[in-house]
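Presented below is the structure to which this report refers.
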Protein chains: 2
Amino acid sequence: MAVSAHRGAPLSPEEIYATALRLIDAGGVEGLSMRKLAVELDVNPMSLYHHIDSKTTLLQRVCALVGAQLSLPPDDGAPWPQQLRALGHACRASARRHPSLWLYAQSHPEVTGSDHRLWRALDRILTAAGIGPDDLAHARKALFALLSGFILGETTGALDEQGGAADLDETFESSLDFAIAGLAAFHR
Amino acid sequence: MAVSAHRGAPLSPEEIYATALRLIDAGGVEGLSMRKLAVELDVNPMSLYHHIDSKTTLLQRVCALVGAQLSLPPDDGAPWPQQLRALGHACRASARRHPSLWLYAQSHPEVTGSDHRLWRALDRILTAAGIGPDDLAHARKALFALLSGFILGETTGALDEQGGAADLDETFESSLDFAIAGLAAFHR
DNA sequence: GACGTTACCATACAGCGTATGGCTGTAAGT
DNA sequence: ACTTACAGCCATACGCTGTATGGTAACGTC
């Protein structure tokens, strides 16, 4: 099937995704171009379009790939604050591995919108925390905002530029304490 | 001085900033190009570069312009929860007026980093709330994360796509309650 | 051998930010 | 009054982007 002269095997979507993720981690989403990706894969730029629709959907797939690797806390009956902390740490760890991609995903949520795994896990934890069904959406969105804002600020450096303690690990723990205490507002 | 044939007056940085902001509000930051801006100002693209350094610094100025318009709560001795709410509402209102610009600013914080007005106001409020100096940075960053994450989510639509109550005004009030309750975590 | 399909590639287009250099009319210096 | 300097503007061009279009080569099936 007219495999590339330079390469042994034909391209595959998975290979494209993995290479794109590597380039993104190395040079940021804005540093990724179809031409550079093609060079990295030793292929003509237009060859990529026989395996993916467009650069946008390529980024969607890569986001989904990273999202699927999130190790969310299992429903093992552990205390809810502990589970909430685990969920936070999982997201933050992934964001530190792929900062530019998370930044992109957070600015283009249509890309991640369909990943309801995270919301389901969060809802379960919040329910375990005694949040009633009427407040569930509010609590979930408040926690989403806090978590995603922290990741955003850490990724962009906005949290570093503010004065005060420079240890963001400690600040993250504090923010989790803050969140756990804040959930009291939903107990009426 | 060889003023443009089509325009009566010469360009000014302020006119450029104002027009850029208008175009950004209409078509997003990613929809703004120097060429379109030039068309809007009835001028050759390269003429802009006699008044601004680059597109990047242009965006910085526009961000600063919007930031300066933020009406932060005055230090009038009002109860701190009320001041905290006012600060939150001020930021959210501005973000709703200029969503795309806020999205840009949040992803490029080097642009807004030098605007410490907000942090000073927040620190003042938190001190009034009884937060000790050791916890001030933690509390400030947690609140920054919550606020900026909410604005991010509302701007991109990530908060709409989640299920539950669709009224984001109400959710924002809930999040403020959540924040106020959460500050208890810093009282030791 | 003919044919359809798959993988790949070459060329081209419209758009981007902006470096470079040139034109023109006003202002300042003498 | 004459020269010089400069401010404001513009035309052209370079290298980059994503991708539409259409062509070519190798394969499986008949």
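So you know, we letter chains A, B, ... as the sequences are listed, proteins then strands, and number each from 1. Because the structure is a prediction, the values reported are computed rather than measured.
Phosphate proximity of D:dA7 to B:His51: absent, as no side-chain N or O sits under 4.0 Å from OP1 or OP2. Considering only side-chain N and O atoms, A:Ser47 lies nowhere under 4.0 angstrom from the phosphate OP1 or OP2 of C:dA7. Contact check, B:Ser33 against C:dC16: a side-chain N or O comes under 4.0 Å of OP1 or OP2.
Rounded to an integer number of Å, the gap from NE2 of A:His50 to C1' of D:dG23 is 11 Å. Atom CG of B:Leu41 is separated from atom P of D:dC9 by 10 Å (rounded to the nearest Å). Rounding to whole angstrom units, CD of residue B:Glu30 and P of D:dG18 are separated by 16 Å. We find that CG of B:Asp42 is positioned 15 Å from C1' of D:dG8, with the value rounded to whole Å. Between A:Ile52 atom CD1 and C:dC8 atom P the separation is 13 Å, expressed in whole Å. Rounded to an integer number of Å, the gap from A:Leu48 CG to C:dC9 C1' is 11 Å. As rounded to whole Å, 14 Å separates atom C1' of D:dA20 from atom CG of A:Asp53. When rounded to the nearest whole Å, the span between CE of B:Met34 and C1' of D:dC16 equals 17 Å.
One can find a donor-acceptor pair under 3.5 Å joining the base of D:dG18 and the side-chain atoms of A:Arg35.
Under a 4.0 Å N-O distance rule, the pair A:Asp75/A:Arg124 qualifies as a salt bridge.
Cation-pi geometry between A:Arg92 and A:Phe172 is met: under 6.0 angstrom from the ring centre, within 45 degrees of the axis.
At the heavy-atom level, A:Leu32 lies under 4.0 Å from the strands shown only through sugar-phosphate atoms.
How far CD1 of A:Ile24 is from OH of A:Tyr17: 12.5 Å, rounded to the nearest 0.5 Å. Note that CH2 of A:Trp102 is 5.0 Å distant from OG of A:Ser94, once rounded to the nearest 0.5 Å.
Residue B:Tyr49 places its side chain closer to C:dG17 than to any other of D:dG18, C:dT11, C:dG17. Comparing D:dC9, D:dC10, C:dC9 against the side chain of B:Met46 picks out D:dC10 as the nearest. Between C:dT18, D:dT17, D:dC9, one nucleotide has an atom nearer to the side chain of B:Leu11 than all others, and that is D:dC9.
Side chains of A:Arg97 and A:Asp25 form no contact here, defined as non-hydrogen atoms less than 4.5 Å apart.
A:Glu154 places no side-chain N or O within donor-acceptor distance of the main-chain N or O of A:Leu168, the cut-off being under 3.5 Å. With hydrogens and angles disregarded, no donor-acceptor distance shorter than 3.5 Å links the side chain of B:His50 to the backbone of B:Leu11.
When each of A:Asn44 and B:Ser54 is assigned the nucleotide of DNA chain C bearing its nearest heavy atom, the one mapping closer to the 5' terminus is A:Asn44.
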Pairs counted only when both distances fall under 3.5 Å, Watson-Crick or G-U: show me the 5' to 3' dot-bracket for DNA chain C, [ ] for pseudoknotted crossings and | for other-strand partners. ||||||||||||||||||||||||||||||

